[in-house]
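Reading through the structure tokens given below for one structure.
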Protein chains: 2
Amino acid sequence: MDHLDGKLLDMLQVDGRMSYASLGKEIGLSVTAVKERIDKLQRSGVLKNFSIEVDAALVGYSVLAFVFIAIDRPEYCEEFENQILEVPEVQECHHVTGGFNYLVKVMANDMTHLEQLLLSRIKIPHIVSRSETTIVFSSSKNSSFVKCARNGSRDD
Amino acid sequence: MDHLDGKLLDMLQVDGRMSYASLGKEIGLSVTAVKERIDKLQRSGVLKNFSIEVDAALVGYSVLAFVFIAIDRPEYCEEFENQILEVPEVQECHHVTGGFNYLVKVMANDMTHLEQLLLSRIKIPHIVSRSETTIVFSSSKNSSFVKCARNGSRDD
DNA sequence: AGTGAAAGATGTCCGAA
DNA sequence: TTCGGACATCTTTCACT
């Protein structure tokens, strides 16, 4: 992965529909060379997939929350992760340092929905011993952009 | 936004390169009808943009952290948000409930880089009074998928 | 790794219902 | 909103450097 690959990844994150021709024009490569690089980035797993970004609020998820979870015993961790994988409203589940074991990011339609999710699917009896929920008022930044091109050469 | 729009959004989140023809085959609409719906979803802002997902670890971001931030005085919040917007390693910045004001998600190349980011760009003097950093060991789930289609009708 | 050219697939625009 | 058809553009493959 060199600097040109980084630029390709940055450009495609901004517009995943850019053609090989216009990508190539930006970095000075032919259509075929660009395609070959992108294919290779996909095969290596760096480019996980082509996608779209959806405005969660506009499709009805007006509540966002972060929930810290403490697990009763370490051997229950795998079971917890498996259960959480099944919950579509949970976008992220991180094993973390500190007084809790997991940090979970949850989307919900409203407070009632969040309450129901926490009670019925997240604070799993006999597995989760303690939890602490933080509600998001608003997000001044909420992207998934990963800067790939190193700075130092102009990218205009 | 009806059920078919929801299905389109779900399918495009999984594969943003699906052709109008194959999208149409799945939901029983013509190429033109699919294009018209997708254009409309973009205009309304529900579909924010076409993009790709990049594996952060594979491009060198091996450290992920969540940082709680307490702001000294409420009138410094805007300045904090503006400063944070400029930091590419900060993916998310949420105004939250609880003992802190903000929760920030940060990517870094390594621990040294994280330390440097915290000291030089996040724990801003005279604005940030207190912070608490949680390091991520591993993530069993880290997606940005937003389920848009309501359940009840089969989607095979 | 890179190139250009040809062929097939796809996006886009149109008039009509 | 939806459709099908016509045309422009893009993707993909190939032979070659």
Side-chain angles (χ1 to χ4, degrees), chain A residues 1-55 58-60 145-156, chain B residues 1-55 58-60 145-156:
Chain A
M1 244 215 54
D2 63 9
H3 181 240
L4 293 183
D5 287 326
K7 281 203 171 186
L8 288 174
L9 292 171
D10 282 359
M11 288 190 282
L12 286 172
Q13 282 182 94
V14 173
D15 179 6
R17 270 179 155 182
M18 273 184 82
S19 69
Y20 295 138
S22 34
L23 290 166
K25 193 164 285 181
E26 294 287 329
I27 62 170
L29 281 182
S30 70
V31 168
T32 319
V34 170
K35 177 180 161 41
E36 182 53 39
R37 278 172 178 262
I38 290 175
D39 287 351
K40 196 167 290 181
L41 287 166
Q42 273 189 284
R43 274 183 258 119
S44 68
V46 177
L47 197 172
K48 288 195 284 188
N49 70 317
F50 285 79
S51 182
I52 58 169
E53 283 174 42
V54 170
D55 190 309
L58 291 184
V59 294
F145 186 84
V146 177
K147 203 182 174 198
C148 299
R150 299 266 153 260
N151 288 333
S153 57
R154 304 289 315 133
D155 41 22
D156 25 320
Chain B
M1 243 216 57
D2 62 8
H3 182 239
L4 293 182
D5 287 326
K7 281 202 171 186
L8 288 173
L9 292 170
D10 282 359
M11 287 190 283
L12 285 172
Q13 282 182 92
V14 173
D15 179 5
R17 269 180 157 182
M18 270 184 82
S19 69
Y20 294 139
S22 33
L23 290 166
K25 193 165 285 181
E26 294 286 328
I27 61 171
L29 280 182
S30 71
V31 168
T32 321
V34 170
K35 177 180 162 39
E36 183 53 38
R37 279 171 177 265
I38 290 174
D39 287 350
K40 196 166 289 181
L41 287 167
Q42 273 188 286
R43 274 183 260 121
S44 69
V46 177
L47 197 172
K48 289 195 285 189
N49 69 319
F50 285 78
S51 182
I52 58 169
E53 284 173 41
V54 170
D55 189 311
L58 291 183
V59 294
F145 186 84
V146 177
K147 203 182 174 198
C148 299
R150 299 265 154 261
N151 288 333
S153 56
R154 304 288 316 134
D155 41 23
D156 25 317

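Protein chains get the first letters and strands the later ones, always in sequence-line order, with residue 1 at the start of each.
- Each of B:Val31 and A:Ser30 was matched to the nucleotide of DNA chain C holding its nearest heavy atom; the match closer to the 5' end belongs to A:Ser30.
- Rounded to an integer number of Å, the gap from NZ of A:Lys25 to P of C:dT3 is 14 Å.
- Among D:dT1, C:dG4, D:dC3, the nucleotide with an atom closest to any side-chain atom of B:Arg37 is D:dT1.
- Taking every side-chain heavy atom of B:Ser19 into account, C:dT10 is the closest of C:dT10, C:dT12, D:dC10.
- Distance, A:Lys40 NZ to C:dA1 P: 5 Å, rounded to whole Å.
- Considering only the side chain of B:Ala33, D:dC3 comes nearest among D:dC3, D:dT12, D:dT1.
- Regarding A:Leu8, its CG atom lies at a distance of 10 Å from the P atom of C:dG2, rounded to whole Å.
- Salt bridge A:Lys48/B:Asp55: absent, no basic N to carboxylate O contact under 4.0 Å.
- When the P atom of C:dG11 is taken as reference, atom CG of B:Leu12 falls 10 Å away, rounded to whole Å.
- For the pair A:Ile38 CD1 and D:dT12 C1', the computed distance is 13 Å after rounding to whole Å.
- To the nearest angstrom, P of D:dT17 lies 20 Å from CG of A:Leu29.
- Of the possible donor and acceptor atoms, none in the side chain of A:Asp5 sits under 3.5 Å from a partner among the backbone N and O of A:Arg37.
- No donor-acceptor distance shorter than 3.5 angstrom exists from the side chain of B:Asn49 to the backbone of A:Asp15, with no hydrogens or angles considered.
- Taking 4.5 Å as the limit, some side-chain heavy atom of A:Met11 sits within range of a side-chain heavy atom of A:Ile27.
- To the nearest angstrom, P of D:dC3 lies 10 Å from CG of B:Leu4.
- Note on A:Thr32: a base of the nucleic acid sits closer than 4.0 angstrom, heavy atoms only.
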- Working for side-chain contact (heavy atoms from CB on, under 4.5 Å), residues B:Cys148 and A:Val54: CA-CA 9 Å; B:Cys148 299; A:Val54 170; 3.8 Å; yes

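- Distances shown here put every side-chain N or O of A:Lys35 at or beyond 4.0 Å from the OP1 or OP2 atom of D:dT11.
- Using a 4.0 Å cut-off, no side-chain N or O of B:Tyr20 falls inside it from OP1 or OP2 of C:dA9.
- The nearest whole Å value for the distance from the CG atom in A:Asp39 to the P atom in C:dA1 is 14 Å.
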